[in-house]
Amino acid sequence: METVIVIGGGASGMLAALTAAETRGRRVILLERQQRVGRKLLATGNGRCNLTNTGAAPENYHGEHPDFAVPALTAFPPAAALDFFHSLGLVTQEEYGGRVYPLSNAANSVVDVLRFALEARGVELRGACPARSLRREKGGFAVVTDSETLHADKLIVACGGAAGARLGGVTDGYELLAPLGHRRTKLYPSLVQLVTDPDYPRALKGVRADAALRLLRGRDCLAETRGEVQFTERGVSGPASFEISRAASTGGEGLSLVLDFLPDYTDTQLRALLIDRRDTLPELDAAELLTGLVHNRLGKMLLRYGGLKGKDTVGLLGDRELARAASVCKDFRLPVRGTEGFDSAQVTAGGLRTADFDPATLQSRLVPGLYVCGELLDIDGDCGGFNLQWAWASGLKAGELR
Ligand SMILES: Cc1cc2nc3c(=O)[nH]c(=O)nc-3n(C[C@H](O)[C@H](O)[C@H](O)COP(=O)(O)OP(=O)(O)OC[C@H]3O[C@@H](n4cnc5c(N)ncnc54)[C@H](O)[C@@H]3O)c2cc1C
């Protein structure tokens with residue numbers, strides 16, 4: 001009987017095992033380092049699991065050769081992923097931006113349906129069973145665990161990346177495959193908080209705002225987006241900052257973040273609005289000029305940042321001061337020191353070099369019978385369900401064992 005071992009019971013490994021187990025007469029063993037499968041999945045989407053994105057397209061994926069992801073993503077697009085989960089009994093709902101969550105709003109629903117399916121298909125689950133080393137042997141592979149050496153005709157490695165260290169993100173996959181000749185690119189944390197000069201963010205800790213963001217190196221714009229940001233002790237978090245974090249992580253030194261807190265107003269419109277405010281609310285304390293327009297603490301901080309203080313009331317502010325206030329709302333700059341590390345990151349940018357794998361099958365070009373899927377490969381997605389979509393699609397592709 002053909003034996004297949006899957007190393008890693010995360011999103012991609014579970015899909016790979018389920019797919020491999022569709023072939024009758026095949027023994028499929030799934031090894032998971034942690035006590036139970038799907039531990040990281042439980043933490044995804046703030047515990048709700050944003051399991052896919054209906055708008056997922058090749059442009060949402062990155063790596064040295066992002067096109068590598070196309071065959072797997074095309075063969076198993078979001079609609080197919082949803083059909084698959086619905087067939088397992090999971091009911092889903094789509095939210096803004098094409099993000100899909102379980103209707104239960106509980107990530108454990110996703111893990112549960114996968115676990116039940118693994119059981120139903122006869123996959124042998126081994127929890128708390130890390131693979132320590134691998135070697136090739138005649139006709140297959142030997143996988144060494146703490147208690148025994150297992151033998152497989154075919155091997156699927158789905159150990160994930162280094163991100164989310166507290167949830168089991170490890171570098172095992174790269175280390176297990178290095179002796180077989182597989183090399184990795186440099187690794188960077190992605191979908192992670194930006195670390196900036198802390199002075200202003202610290203004063204704004206906990207404040208959320210909708211903003212347009214640009215990440216600059218000198219005058220070059222490396223990335224831009226719009227959405228919610230949240231200020232933290234050390235910098236800027238929130239979905240919008242996550243979206244540009246890959247560029248911040250890989251962009252080197254000398255970066256700055258420019259925030260526009262009123263992106264729907266032009267400078268001229270905003271100046272006119274503030275002049276009108278001076279006319280209609282002249283008795284208002286000058287420190288409250290931006291109150292009602294942006295978050296109260298943010299408004300006061302922006303005025304301080306713009307050097308606007310000392311006047312008692314709004315009525316005493318001159319046109320130049322109002323123009324300055326308008327400009328700081330639209331051009332608030334923070335020097336970027338980098339990003340938080342792998343502990344806090346949602347995904348690893350970089351991974352095993354994709355040139356060493358066939359994109360049509362995810363089989364190694366160096367070691368026949370070896371397949372790799374998920375975040376372990378040098379493919380990472382944007383924020384919004386794209387990484388799990390890659391995990392499902394690549395897991396299914398690897399599990400076909402073509
Ligand atoms: C906090 C957080 C929130 C996230 N939210 C989302 C989201 O909402 N939507 C989204 O699309 N993506 C999200 N992601 C990213 C997504 O979870 C990952 O990209 C995805 O889980 C990768 O799947 P994977 O199978 O490659 O790796 P993983 O899911 O990490 O699974 C790898 C598994 O391999 C096991 N393993 C490692 N080494 C060994 C070994 N030596 N032997 C045996 N087992 C081993 C690990 O314990 C782990 O269970 C989030 C990530 C984090 C950290």
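All ligand and atom numbering here is 1-based and tracks the order in the structure.
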Side-chain (Arg365) to main-chain (Ala355) donor-acceptor, under 3.5 angstrom: yes

Salt bridge or not for [X] and [Y], using N-O below 4.0 Å?
{"X": "Lys300", "Y": "Glu288", "answer": "yes"}
{"X": "Arg27", "Y": "Glu2", "answer": "no"}
{"X": "Arg246", "Y": "Asp380", "answer": "yes"}
{"X": "Arg214", "Y": "Glu224", "answer": "no"}

I need the atoms of ligand 1 closer than 4.0 Å to a non-hydrogen atom of [X], numbered in the order shown.
{"X": "Gln34", "value": "47 (O), 49 (O)"}
{"X": "Pro130", "value": "42 (N), 43 (C)"}
{"X": "Ala345", "value": "53 (C)"}
{"X": "Phe386", "value": "11 (O)"}

How are the rings of [X] and [Y] set relative to one another: parallel (under 30°), tilted (30 to 60°) or perpendicular (over 60°)?
{"X": "Phe332", "Y": "Tyr305", "value": "perpendicular"}
{"X": "Phe231", "Y": "Phe261", "value": "tilted"}
{"X": "Tyr61", "Y": "Trp390", "value": "tilted"}

Residue part near ligand 1, for Gln346, under 4.0 Å between non-hydrogen atoms: both

Ligand 1-proximal atoms of Trp390, by part, heavy-atom distance under 4.0 Å: neither

Exercise: do Asn105 and Gln93 side chains pair donor with acceptor under 3.5 Å: yes

Donor + acceptor pair across side chains of His86, Thr92 (<3.5 Å): yes

So which of [options] gets nearest to [atom], if we judge by its closest heavy atom?
{"atom": "atom 3 (C) of ligand 1", "options": "Val170, Thr44, Leu42", "answer": "Thr44"}
{"atom": "atom 27 (O) of ligand 1", "options": "Gly160, Ser190, Ala391", "answer": "Gly160"}
{"atom": "atom 5 (N) of ligand 1", "options": "Gly45, Gly8, Ala158, Cys49", "answer": "Gly45"}

For [atom], what's the nearest protein heavy-atom neighbour? Residue, atom name and distance, please.
{"atom": "atom 22 (C) of ligand 1", "result": "Glu375 OE1, 3.5 Å"}
{"atom": "atom 35 (C) of ligand 1", "result": "Glu32 OE1, 3.3 Å"}
{"atom": "atom 24 (P) of ligand 1", "result": "Ser12 OG, 3.6 Å"}
{"atom": "atom 42 (N) of ligand 1", "result": "Ala131 N, 2.9 Å"}
{"atom": "atom 29 (O) of ligand 1", "result": "Ala11 N, 3.4 Å"}
{"atom": "atom 39 (C) of ligand 1", "result": "Arg33 CD, 3.5 Å"}
{"atom": "atom 41 (N) of ligand 1", "result": "Asp172 OD2, 2.8 Å"}
{"atom": "atom 1 (C) of ligand 1", "result": "Leu167 CD1, 3.8 Å"}

Stepwise ring-ring contact (aromatic ring centres under 6.0 Å, His included) test for His182 and Tyr174: CA-CA 8 Å; His182 279 287; Tyr174 317 115; over 10 Å; no

So, does [X] sit close enough to ligand 1 that a heavy atom of it is under 4.0 Å from the ligand?
{"X": "Arg39", "value": "no"}
{"X": "Gly169", "value": "no"}
{"X": "Ala163", "value": "no"}

Tyr265 OH: over 12 foreign heavy atoms closer than 6.0 Å: no

Greater than 12 external heavy atoms within 6.0 Å of Asn46's CG: no

Ligand 1 to Lys40 polar contact by distance, N or O atoms, under 3.5 Å: yes

